[in-house]
Amino acid sequence: MIKQHVFVWDPTPSNSSAVYNYLVKKVNERDLGESIEVYRSTYIGLTSGTPIIRILPKNIIYTKFEQEDLGEIFESIVSDEVVDRFICEYDAKLAPVSERDKQSKQFKIVLRNVGYLDPESIEEYISRGGYKALEKAIFEMDPDRVIKEIKDSGLRGRGGGGFSTGLKWELTRKEPGAEKFVICNADEGDPGAYMDRAVLEGDPHTIVEGMAIGAYAVGCKEGFIYVRAEYPLAIERLEKAISDAKKYGLLGDNILGSEFSFNLELRWGAGAFVCGEETALMASIEGKRGNPKPRPPFPSQSGLWKKPSFINNVETWANIPPIVEKGSGWFSSIGVGRSKGTKVFAVTGKVKDPGLIEVPMGTTFREIVYDLCGGILDNKKFKAVQTGGPSGGVIPEKFIDMSVDYETLMSIGSMMGSGGLIVMDQSDCMVDVNKFYLQFSVDESCGKCAPCRIGGKQLLDLISKITDGKGDKKDIQKIKNISNAMQKASLCALGQTTPNPVLSAMHYFEEEYMEHISDKKCRTGKCSNLVQYMIIPEKCIGCTACALKCPVKCISGEKKKPHIIDQKFCIKCGECFNACKFNAIVRG
Amino acid sequence: MKTQKDVQLDTRLLDFIEEWKDKKGKEIMILHKVQEVYGFVPRAVAIEVSRMIDLPLAKIYGIITFYHIFKLKKPGKFKVSVCMGTACYLKGGNDLIAELESILGIGVNAVTEDGKFSIEIVRCVGCCGLAPVILVNGKTYGNLKKGDLPNILNEYREEPKN
Ligand SMILES: Cc1cc2nc3c(=O)[nH]c(=O)nc-3n(C[C@H](O)[C@H](O)[C@H](O)COP(=O)(O)O)c2cc1C
Ligand code: FES
């Protein structure tokens, strides 16, 4: 019988997962370790908030089970049968490895192994073709050839900037000096994005292999992975991956018996968004406050400890082994225009089926939102998507059929960003969302340069004024002036991009902005200072549902008679509005 | 020279410092260890560490105050972290904070009088699919509504875990 590989994902931490523990116990009790292996799976993006069991090689996915069904599921695994009623409907996300699945519109390069192998087993990674690319690079290609291959593939940085990866390597290789550093940026700071986490937790060896290839190509003996301290599981798995790779002679001195030696270590972040910026990140590794530096000199000239250094994002690194293995021609045939390959997105917000997806560049937002993520939650109306997080912009409905690639996104005032894709529906207020992102950027500004430190705060104050109902038409011009100054004069991209969400929302949702300013109205009710809840006496039948719900008890009235809200005490929480079944409460 | 405030550092920390003393980029890693051992960065420990790795105390405080993770005050026994990443914000993270504040009677970054609970805000914890999310001492609770909070807190009130 073929060995069955059972992957369990559980929203409760894996050491306390009842599902995992049950299956492991059963396997041990029945002494079936030879034919069934149970793994703790990483987050595979298929989120329903309930545990997921996935069985390979048949790729059966169960989601709709309860604790008491586990016995039946276990027996079905033993007898190699399928229990239809637990099968998950949304298997669109789990396309076969590295193959274009027409139906699902996904294409997996970066996530090729995520959820398909035990991330803690180097043997399994190797058995799936892992470290072959490193071997090929060292023994069949010289460093220049590797760099040419990466350049020709058209791979561009996935951390936000979109700079040519091959070119960056070449520039660093050309710098004089024996000591150079390679760095992986695993500080994934964009709030609402977790693409890198999935790769780090689900396929850590890909990063180790990619970085070893990069180090070989550029000529580095030492490298660092700067990883978010908030990702303990990623840290644990990277530590294990590095130490296993060392044991196998894939890291350390004379890798695979060659002349090439390379050591890789982890350094932890400490919760500062600005440390995702490359010069700040290097300062942080050096044990300093994470302040960015002006450029030039560029990191390729003077980076970590003033040595030539280069840095790539996790997702960029994960693309390296497949490119080296399959060639630049293969990679550059995927995607559109100057955007090659695939992009991983973490789709969150108001979609039915949020999760991680990987699609070829050039896929449209409509395909992502409707075909892959099940459309808008509660069948509400689509309003916009935000890409690029606090540095990006909103994309309104009229662009929903636009191709998702670097150039197109830039041309409509947003950016690719690192891959967070937040979907908003009609109940989300654009001004309120802007306030959220500004608050974020203000909190995260390192304070070193004045345009970012002062400008950000001023923008936030202006937007808050508008959401408080004290906005003035002149504020629009002020916002534009401050934004302009920040974009031109800030030291790093954090300050330069802080105004982006505001500018793009003011452009595409001008009407909504003006409503806040001129009519002192928020159509969604999110800006609580701009709303008032009122009961229409003719419609109110006096059911008391609202009065019971009101947390400050400011709704009064006799049973079966129209009620009334005491505006003096109303905190505008909207509970009454939601509670009323007779549409008797209006938001104005 | 010995200062009168000399403290005996925890051996886990001493071993760690010994291992890392000569490595590149050790500073933040050592402070992470301090926080892991003590739950925050006590001043006396910072002074000792400063002496051991020959890094001015001012630099150490420069780091601690820059990075959100490092705390200067002892947190509650159960640390309630509310995610305020984008997904959680859109799905009502704010309401969860307001509710927690009202249940526990403390604000963000404060500790209850009995030292049991503290509230803090964290950025995206990477479970956006489960938004809104809170963590209690690292354990994730997702898809929350305000009404779920009292029960979650009671879990910790009743059977004190470590
Ligand atoms: C404020 C700020 C935050 C950033 N955060 C990240 C991040 O979390 N992860 C990342 O890979 N790049 C981030 N970047 C981009 C990096 O500076 C850098 O461009 C990138 O790591 C380069 O790798 P790539 O070429 O592979 O994209 C950030 C940039 C800025 C300005
Ligand atoms: S925004 Fe809360 S987990 Fe991502």
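So you know, we letter chains A, B, ... as the sequences are listed, proteins then strands, and number each from 1.
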query = Is it the side chain or the backbone of A/Leu304 that comes within 4.5 Å of chain B heavy atoms, both, or neither?
reply = neither

message = What verdict does the side-chain contact (heavy atoms from CB on, under 4.5 Å) test give for B/Lys23 and A/Arg267, after you've listed the backbone C-alpha separation in whole Å, the side-chain angles of each residue and the deciding distance to 0.1 Å?
response = CA-CA 11 Å; B/Lys23 289 202 189 180; A/Arg267 290 295 179 271; 4.3 Å; yes

inquiry  = Looking at B/His68 and A/Phe273, would you say the former's side chain and the latter's main chain have a donor-acceptor pair under 3.5 Å?
reply    = no

request  = For the pair B/Leu31 and A/Trp268, evaluate side-chain contact (heavy atoms from CB on, under 4.5 Å) and give the outcome as yes or no after the intermediate values.
outcome  = CA-CA 11 Å; B/Leu31 288 173; A/Trp268 300 6; over 6 Å; no

query = Any donor-acceptor pair under 3.5 Å linking the side chain of A/Arg289 with the backbone of B/Ile63?
reply = no

note = Value for CD1 (B/Ile28) from OH (A/Tyr226), rounded to nearest 0.5 Å, stands at 5.5 Å

task = Using a strict cut-off of less than 4.0 Å between a Lys/Arg side-chain nitrogen and an Asp/Glu carboxylate oxygen, indicate whether A/Asp443 and B/Arg123 qualify as a salt bridge.
result = yes

query = Backbone N or O of A/Gly290 within a donor-acceptor pair of the B/Tyr67 side chain at under 3.5 Å?
reply = yes

task = Sort A/Ser427 into side chain, backbone, both or neither according to what part of it lies under 4.5 angstrom from a heavy atom of chain B.
result = neither

request  = Side chain from CB out, backbone as N, CA, C, O: work out which of these in B/Lys24 comes under 4.5 Å of a heavy atom of chain A, or both, or neither.
outcome  = both

ask   = Taking C-beta and beyond as the side chain, do B/Tyr89 and A/Ile422 meet within less than 4.5 Å on heavy atoms?
value = no

Test side-chain contact (heavy atoms from CB on, under 4.5 Å) applied to A/Gln386 and B/Thr86, step by step = CA-CA 10 Å; A/Gln386 171 100 14; B/Thr86 317; over 6 Å; no

task = Sort A/Val274 into side chain, backbone, both or neither according to what part of it lies under 4.5 angstrom from a heavy atom of chain B.
result = side chain

inquiry  = Tell me whether A/Thr348 contacts the main-chain N or O of B/Ala87 through its side chain, where contact means a donor paired with an acceptor under 3.5 Å.
reply    = no

key: Side chain, backbone, both or neither of A/Glu188 within contact of chain B (heavy atoms, under 4.5 Å)   = neither

inquiry  = I'd like to know if B/Lys146 pairs up with A/Glu575 as an ion pair, taking the criterion as any Lys NZ or Arg NE/NH1/NH2 lying under 4.0 Å from an Asp or Glu carboxylate oxygen.
reply    = yes

note = B/Phe66 meets the ring pair (Phe, Tyr, Trp, His ring centres under 6.0 Å) criterion, sequence neighbours left out, with none

inquiry  = Could you measure the distance from the CD1 atom of A/Ile285 to the CD atom of B/Glu27? Nearest 0.5 Å is fine.
reply    = 11.5 Å

